[in-house]
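All values reported here derive from a predicted model rather than from experimental measurement. Numbers here are sequence positions counted from 1.
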Amino acid sequence: GARGCTPETCSFRDAQDDFITRNAIPIGLSTQSVSDIKEMTSRLSVPYDVVSDEHLAFTNQLKLPTFKIEGKVFLKRLTLIVEKSLIKHVFYPIFPPDLHVKEVIQWLDING
């Protein structure tokens with residue numbers, strides 16, 4: 001993944017109980033292959049689902065921001081708060097990635 005993905009992923013992993021107590025679940029989205037995602041989630045002990053959009057169907061449908069490295073398309077860092085199939089809030093851009101989880105939890109506390 002792109003620079004900062006591991007710290008961001010681990011921060012969401014470490015906040016798993018915070019999400020559960022707020023009746024929320026994180027779901028990751030990646031343009032990497034299923035096998036790459038399985039390796040990453042296993043290595044980092046990620047307790048939530050990370051979905052592959054390797055063929056960019058979801059990315060293109062929602063016109064999500066991307067960038068390329070050596071011809072490979074990656075998603076720019078963003079967070080969508082989705083409830084009952086509706087996007088309720090978008091966090092973009094995200095910096096620093098390892099502290100972003102606190103913004104999400106704060107938003108859930110205010111708007112949940």
For the backbone of [Y] and the side chain of [X], can you confirm whether one donor and one acceptor N or O come within less than 3.5 Å of each other?
X: T41; Y: I37; result: yes
X: D36; Y: M40; result: no
X: K76; Y: Y92; result: no
X: R13; Y: L44; result: yes

What distance separates L29 CG from T79 OG1, expressed to the nearest 0.5 Å?
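Nearest 0.5 Å value for the CG-OG1 distance: 11.0 Å.
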To the nearest 0.5 Å, atom CZ of R22 lies from atom CG of N111 at 12.5 Å
Taking all heavy atoms of [X] and all of [Y], pick out the closest pair and write down the distance.
X: E103; Y: F91; result: O-CZ, 3.9 Å
X: P97; Y: S11; result: O-OG, 4.1 Å
X: F58; Y: D53; result: N-OD1, 3.1 Å

With a 4.5 Å cut-off on side-chain heavy atoms, are [Y] and [X] touching?
X: W107; Y: K88; value: yes
X: T31; Y: K72; value: yes
X: F74; Y: T59; value: no

Atom CG of residue position N23 - does it have more than 12 heavy atoms of other residues, nucleotides or ligands inside 6.0 Å? no
Would V82 end up clustered with L62 when hydrophobic side chains under 4.5 Å apart are linked, directly or stepwise?
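Yes, because V82 and L62 connect within a single hydrophobic cluster, where side-chain heavy atoms sit under 4.5 Å apart.
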